[in-house]
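Keep in mind the model is a prediction, meaning the values are calculated, not measured. Whatever order the structure lists ligands and atoms in, that order sets their numbers, starting from 1.
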Amino acid sequence: MVVAMPNHREHADAYQTALAQYDRAVRYTSLKDDLIDYMRYPRRELTVNFPVRRDDGTIEMFTGYRVHHNTAMGPSKGGIRYSLGVTLDEIRALSMWMSWKCALVNLPYGGAKGGVVVDPRNLSLGELERLTRRYASELIPLMSPQMDIPAPDMGTNAQVMAWIMDTYSMTVGYSVPAIVTGKPLSVGGSEGRTEATGRGVIMCMISTLKHHGYHDATATRIAIQGFGNVGSHAADYAHALGYKIVAVSDVYGGIHNPNGLDIPAVLRHVKETGKVHDFPDAENITNDELLVLDCDVLIPAALEGQITRENADDIKAQFVIEGANGPTTPDGDDILNDRGVVIVPDILANSGGVIVSYFEWVQDLQAFFWDKDDIFARLGRIINNAYQQTQQTAEDLHIDMRTAAQVTAINRVANAITTRGFYP
Ligand code: GLU
């Protein structure tokens with residue numbers, strides 16, 4: 001199948017992006033070169049090739065990865081991605097970003113990421129379950145509630161997490177809900193986890209708009225690339241707060257209505273047809289067109305490498321709030337920064353997911369569950385504090401928000417590493 005948007009053009013470059021961002025950020029720290037070199041490396045990398053029985057009885061081989069970038073601050077944490085674009089380098093980049101993300105919002109975690117090279121839309125439910133269970137069992141030597149705790153990411157969801165939880169639990173002989181987060185409520189999931197990333201993105205957007213003197217929600221036009229777990233919940237929450245969502249898109253393309261989309265109706269349309277295209281009250285557009293639309297806020301909530309040297313000059317939004325991980329390349333960053341566009345970086349803007357994952361893990365370990373109001377109030381406190389601190393660091397050091405966020409995070413990880421000391 002030809003897919004409209006996830007061009008994997010720059011996927012291979014995600015790790016180059018992560019390293020270039022790192023090299024830029026460490027210039028604003030006083031860390032020694034040997035420590036800087038230490039943190040460039042992922043601690044562990046696992047590659048697994050494993051068989052899955054297809055429904056027709058044949059066996060097909062799949063490749064998966066799990067990378068633990070840094071574990072100085074605690075067990076490693078990060079999602080599992082199912083996508084044809086998955087490469088070891090992409091997972092390395094994403095695991096590094098998880099280290100900085102967890103440190104930035106002060107979670108007692110290191111960073112990890114996993115992925116399987118597969119388009120889950122090409123598998124039946126049974127095939128998806130068998131693939132997940134076999135991949136999970138291959139990860140068991142490197143995963144436990146104290147060592148590494150996976151979660152959903154692109155192409156995976158709560159059901160996939162339930163299968164991972166069950167596979168691990170069957171292996172050890174008792175139920176271990178804290179092995180994975182983003183589970184369904186029925187097996188130890190947390191209230192609010194599904195909405196958390198999208199909600200956190202909008203919380204960061206609101207802080208940014210306020211900081212820059214934009215107070216009128218109904219006059220603020222937002223375009224959102226990606227209508228998966230992050231984009232759809234961001235759109236829904238922003239719409240409920242009165243913001244005008246002028247465009248959304250998914251893998252097949254986007255829709256645009258300059259007067260604002262009725263997001264609950266778009267959600268119903270997607271449920272019925274499987275895509276946003278052909279929504280009655282809007283014009284169909286491409287993903288490339290969405291990125292350069294006339295709007296105030298652009299929320300890339302799909303893939304890495306979307307805002308690049310090719311299109312950064314054409315972006316009209318004054319604010320870019322990164323729902324996706326790594327949506328802006330270093331060249332894209334430079335162009336937007338030079339033009340005065342404010343970018344709220346991924347490790348801050350999309351940290352709501354891992355923050356509520358942390359709440360889920362804590363609740364599972366205590367077998368004591370909190371209500372949704374508690375979850376969202378705590379999420380708001382953490383993410384708003386991180387926003388304020390990043391904003392302040394950016395002003396103090398005269399740097400952009402991404403570099404400021406990474407400086408804070410890298411210093412925290414470095415502090416944990418040196419405090420622990422070097423083994424042996
Ligand atoms: N995959 C999400 C992210 O990129 C969530 C990770 C987690 O909850 O552990 O932040």
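The side chain to side chain contact (heavy atoms under 4.5 Å, CB included) with T63 is formed by just one residue from the set N49, V118, L88; it is N49.
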Going through the distances and angles, do T132 and Y82 end up as a side chain to side chain contact (heavy atoms under 4.5 Å, CB included)?
-> CA-CA 10 Å; T132 299; Y82 287 175; 2.9 Å; yes
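Ring centroids of Y109 and Y358 are separated by less than 6.0 Å, placing the two rings close together. A ring-centre distance under 6.0 Å is found for H269 and F279.
Among all protein heavy atoms, the one lying closest to atom 9 (O) of ligand 1 is K77 NZ, 2.8 Å. In this structure, atom 1 (N) of ligand 1 lies nearest to the protein heavy atom D153 OD1, 2.8 Å. The closest protein non-hydrogen atom to atom 5 (C) of ligand 1 is R193 NH2, 3.5 Å. Nearest non-hydrogen protein atom to atom 7 (C) of ligand 1 is A151 CB, 3.3 Å.
Among the atoms of M98, none of the N or O lies under 3.5 angstrom from an N or O of ligand 1. The distance criterion of under 3.5 Å between nitrogen or oxygen atoms is met by K101 with respect to ligand 1.
Here is the list of ligand 1 atoms found below 4.0 Å of a heavy atom in G79: 1 (N), 6 (C). Interface atoms of ligand 1 facing K113, defined by a heavy-atom separation under 4.0 Å, are 1 (N), 3 (C), 4 (O).
The aromatic rings of Y22 and W100 lie parallel to each other, with less than 30° between the two planes, well short of the 60° mark.
At a heavy-atom cutoff of 4.0 Å, ligand 1 is contacted by no atom of L94, backbone or side chain.
Of the listed residues (S357, G78, P152), the one carrying the non-hydrogen atom nearest atom 2 (C) of ligand 1 is P152.
The closest side-chain donor-acceptor pair between R133 and T167 falls under 3.5 angstrom.
One finds no salt bridge joining R402 and D400 here, because no Lys/Arg side-chain nitrogen approaches an Asp/Glu carboxylate oxygen to under 4.0 Å.
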